[in-house]
Amino acid sequence: MDKKVRVRIAPSPTGAIHVGLARSALYNYLFARKHGGTFILRIEDTDAARSTTESADAIIKGLGWLGITFDEGPYYQSRRMDIYKQYVDKLIKTGHAYHCYCTPERLAEERKKAEAEKRAWRYDKWCLHLTPDEKASFEAQGVKPAIRLLIPEGQTTFHDLIHGDITREHKDVDDFVAVRSNGIPTYNFVVVIDDYLMEMTHILRAVEHISNTFKQVLLYKAFGWDIPEFAHLPLILGEDKKKLSKRHGAMSLEEFRKLGYLPDAMVNFLALLGWSPGGDKEIMSRAELVDLFSIERINTSNAVFDMQKLEWMNGEYLRAPDTEKLLSAFQEWLQSQAITLPSECSADFLSKALPLIAERSRTLAEVYDSLFPYLSEDLVYDEKGVEKHFRKDPDAVKERLRLYRERLVALSEFNKETTEEALRQLIEELGIKAGLLIHPVRLAVTGRTVGPPLFDCLELLGRDRVLARLEVFGDYVEE
RNA sequence: GGCCCCAUCGUCUAAUGGUCAGGACAUCACUCUUUCAAGGUGAAGAUACGGGUUCGAUUCCCGUUGGGGCUACCA
């Protein structure tokens, strides 16, 4: 790489940040880090009607959550209008652009007509041929013109780092509006100005921009500027194989965060959606991703977002042996969801409970749910479990629970070893299988049929709560 | 409709002009086990179709089909 790498993402702040944007950001970020380059955030808010500052803030926050950080920016295009203005004037002077007085109504009508005749609609360059008198007349009527780029005859080819050469005939490219009649320039215009001024070396963005690229390349040429490298990323598709959009529901970053996905897992998963390092490696740290990433290995075909695989991968990260990290991830999650744990629920308790629970969870939300029996006294007994482990022979089970409770009362020390020993002894005396006592006890003290190994649960709960719950359970099943 | 992009198991993907087309998720068995997970073992599952080029193509070329994207005074 001869020039110092400078890349960017340029989102429009028009709604929740979804995974497609997150992945584009990630690839740009990885590419910049890998080459010691600069990663820039530019907010493309030239569409005043749809842009919101909340959305811009959400983008920054969301990417920050993923640990995708910027070296420059955010730049806001809405604050750079005077810059763009100079370049428009230049374009008019050199004859690369012209004023267009066509009303939206006329354009819409023409477009409809073309559609009815199954003709491709292109702007008919009507205003290109206006005489000075006609122009003066429009001006006198107070009609504000838009400015269109004049697309010359011929064809344009650009090289795409992922797709190779892509060519389009100019007859298929519109004389697109560069500046609206209200004076605000459009995306295709400002993106070129900014990418040039900000000295972008590589543009990595989604394939949906390929058709815009021709317009942009023509603009670079009109200005006589060097054209950056382009790499058009495959799309992320929903289960229905359509481009991700609001219809797909829980696809915003915020939603994934709420569901309890870990940023590291999210980044790992997203990296693999459209790219692979080759070989079989799938679980990769950020450092490994930076090291392994290359544009050449980005795929050409679109990828379906597989929720199940994400869940699995999140589980892998949840199960990682680093308790401290898990604890802080969980606490961070609680905070982001505005959940406060009871004060007696100490960090000490959590660091004991979390590994046991996370091992059998796939998301932090699941972790939180599994924590319930340790946070609240209002147990809800699993009805199927009650049916299975109690109702078949209630008197016998009740008696066993009573006996076990007695043993627990008598223990000099209460921990997982002693409680297990007590239970083993009891079942031997009773001549029954361990399950006949273990299952009812789990149900009695947690309300659930699933969870960490029973004696770990008992230790986590502590003697007082265990004894109380064994007693309460007896009453519960009486009814 | 026009233009463009794409095509390996259901999904994410690996690989090569000659391979038993590999892995992961999901699925199904079995195993481990106090439950649930996790783990282990195994099963099933793909080169869209048709033509070329070639001794040989899943790989290169063309076409068909299919999918996707774009087609705004949105980005």
Side-chain angles (χ1 to χ4, degrees), chain A residues 10-14 44-47 49-51 100 102-104 107-108 111 114-122 144-148 160 162-163 166-169 171-174 176-188 190-191 205-214 232 234-235 237 239 241-243 269 272-283 299-313 315-316 319 356-362 370 385 389 420 423 433-439 441-443 446 448-455 457:
Chain A
S12 58
T14 55
E44 309 234 324
D45 54 353
T46 56
D47 184 355
R50 298 197 311 152
S51 300
C100 174
C102 292
T103 61
L107 296 174
R111 195 171 298 127
E115 206 172 298
E117 294 168 24
K118 294 198 182 276
R119 244 174 41 229
W121 158 255
R122 295 278 100 83
K144 294 267 180 274
I147 295 171
R148 288 181 184 271
D160 187 285
I162 295 168
H163 296 280
I166 305 176
T167 302
R168 181 170 293 189
E169 301 290 333
K171 66 175 170 55
D172 296 321
V173 182
D174 229 355
F176 68 92
V177 170
V179 184
R180 301 175 175 91
S181 52
N182 65 6
I184 298 176
T186 62
Y187 162 74
N188 275 309
V190 295
V191 75
R205 55 166 31 161
V207 272
E208 56 199 343
H209 284 290
I210 283 182
S211 48
N212 286 325
T213 306
F214 294 99
H232 286 96
L235 258 19
L237 272 23
E239 301 280 351
K241 304 216 175 208
K242 296 262 191 286
K243 186 170 85 160
F269 178 75
L272 254 17
L273 217 51
W275 171 84
S276 90
D280 294 337
K281 200 165 174 54
E282 291 206 300
I283 302 290
N299 285 111
T300 48
S301 51
N302 297 340
V304 173
F305 192 97
D306 185 355
M307 205 60 155
Q308 286 186 310
K309 187 148 186 178
L310 204 216
E311 271 186 29
W312 163 78
M313 192 171 277
E316 289 291 305
R319 257 172 260 122
L356 287 167
I357 287 173
E359 195 184 330
R360 27 188 68 70
S361 306
R362 288 162 97 86
S370 299
H389 300 299
E420 173 156 17
L423 185 132
K433 283 197 284 186
L436 283 178
L437 192 47
I438 286 177
H439 298 312
V441 171
R442 186 199 315 283
L443 192 59
T446 68
R448 303 182 179 199
T449 57
V450 300
L454 178 67
F455 306 105
C457 294

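This is a predicted model, so every value here is computed, not measured.
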Quick check for you: among [options], whose closest atom lies nearest to any side-chain atom of [X]?
X	options	result
A/Ile210	B/C4, B/A75, B/C6	B/C4
A/Ala120	B/C74, B/G1, B/A7	B/G1
A/Asp280	B/G23, B/G69, B/C74	B/G23

> Would a 4.5 Å heavy-atom cut-off, applied to side chains only, mark A/Thr449 and A/Leu443 as touching?
Replying inline: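 Of all side-chain heavy-atom pairs linking A/Leu443 with A/Thr449, at least one is under 4.5 Å.
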For [X], salt bridge (charged side-chain N to carboxylate O under 4.0 Å, His left out) partners two or more places apart:
X	result
A/Glu169	none
A/Arg362	A/Glu311
A/Lys281	A/Glu288
A/Arg111	none

Please tell me if [X] has a side-chain N or O lying less than 4.0 Å from either OP1 or OP2 of [N].
X	N	value
A/Asn302	B/C12	no
A/Ser276	B/A14	yes
A/Arg180	B/A75	yes
A/Thr167	B/C4	no
A/Thr300	B/A7	yes

> Taking only residues two or more places apart in sequence, or in another chain, which ones meet A/Thr213 in a side-chain contact (heavy atoms from CB on, under 4.5 Å)?
Replying inline: A/Phe158, A/Arg205, A/Val217, A/Phe230, A/His232
> Sequence neighbours excluded, which residues qualify as side-chain contact (heavy atoms from CB on, under 4.5 Å) partners of A/Arg122?
Replying inline: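 With neighbours one apart ignored, the set is A/Ala120, A/Asp172, A/Asp174.
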Heteroatom pairs (N/O) under 3.5 angstrom, protein to nucleotides 70-72 of chain B:
{"unit_1": "B/C70", "atom_1": "OP1", "unit_2": "A/Lys243", "atom_2": "NZ", "d": "2.6"}
{"unit_1": "B/C70", "atom_1": "O2'", "unit_2": "A/Ser211", "atom_2": "OG", "d": "2.7"}
{"unit_1": "B/U71", "atom_1": "O2'", "unit_2": "A/Arg122", "atom_2": "NH2", "d": "3.3"}
{"unit_1": "B/A72", "atom_1": "OP2", "unit_2": "A/Arg111", "atom_2": "NE", "d": "3.4"}

> With distance as the sole test, does A/Asn299 use its side chain to make a donor-acceptor pair with the main-chain N or O of A/Ser301 at under 3.5 Å?
Replying inline: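 Answer holds: no.
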> Short question: side chain of A/Thr186, backbone of A/Val177 - any donor-acceptor pair under 3.5 Å?
Replying inline: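 Checked: pair present.
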>> Run the side-chain contact (heavy atoms from CB on, under 4.5 Å) test on A/Phe269 and A/Trp312 for me, step by step, so that the C-alpha distance in whole Å, both residues' side-chain angles and the decisive distance to 0.1 Å come before the verdict.
In response: CA-CA 10 Å; A/Phe269 178 75; A/Trp312 163 78; over 6 Å; no
>> I need the full list of salt bridge (charged side-chain N to carboxylate O under 4.0 Å, His left out) pairs touching residues 179-188 of chain A, with sequence neighbours left out, sorted by first then second residue.
In response: none
Between the protein and nucleotides 15-18 of chain B, which nitrogen or oxygen pairs are less than 3.5 angstrom apart?
{"unit_1": "B/A15", "atom_1": "OP1", "unit_2": "A/Arg297", "atom_2": "NH1", "d": "3.3"}
{"unit_1": "B/A15", "atom_1": "OP1", "unit_2": "A/Arg297", "atom_2": "NH2", "d": "3.3"}

> Would you call the rings of A/Tyr187 and A/His209 parallel, tilted or perpendicular, where under 30° means parallel and over 60° means perpendicular?
Replying inline: tilted
Atom pairs under 3.5 Å, N or O on each side, protein against nucleotides 37-44 of chain B: can you list them with distances?
{"unit_1": "B/A37", "atom_1": "O2'", "unit_2": "A/Glu359", "atom_2": "O", "d": "3.1"}

Short N/O separations, protein against nucleotides 9-11 of chain B, under 3.5 angstrom:
{"unit_1": "B/U11", "atom_1": "OP1", "unit_2": "A/Lys241", "atom_2": "NZ", "d": "2.9"}

>> Using the side chain to side chain donor-acceptor pair (under 3.5 Å) criterion, which residues pair with A/His439? Sequence neighbours excluded.
In response: none
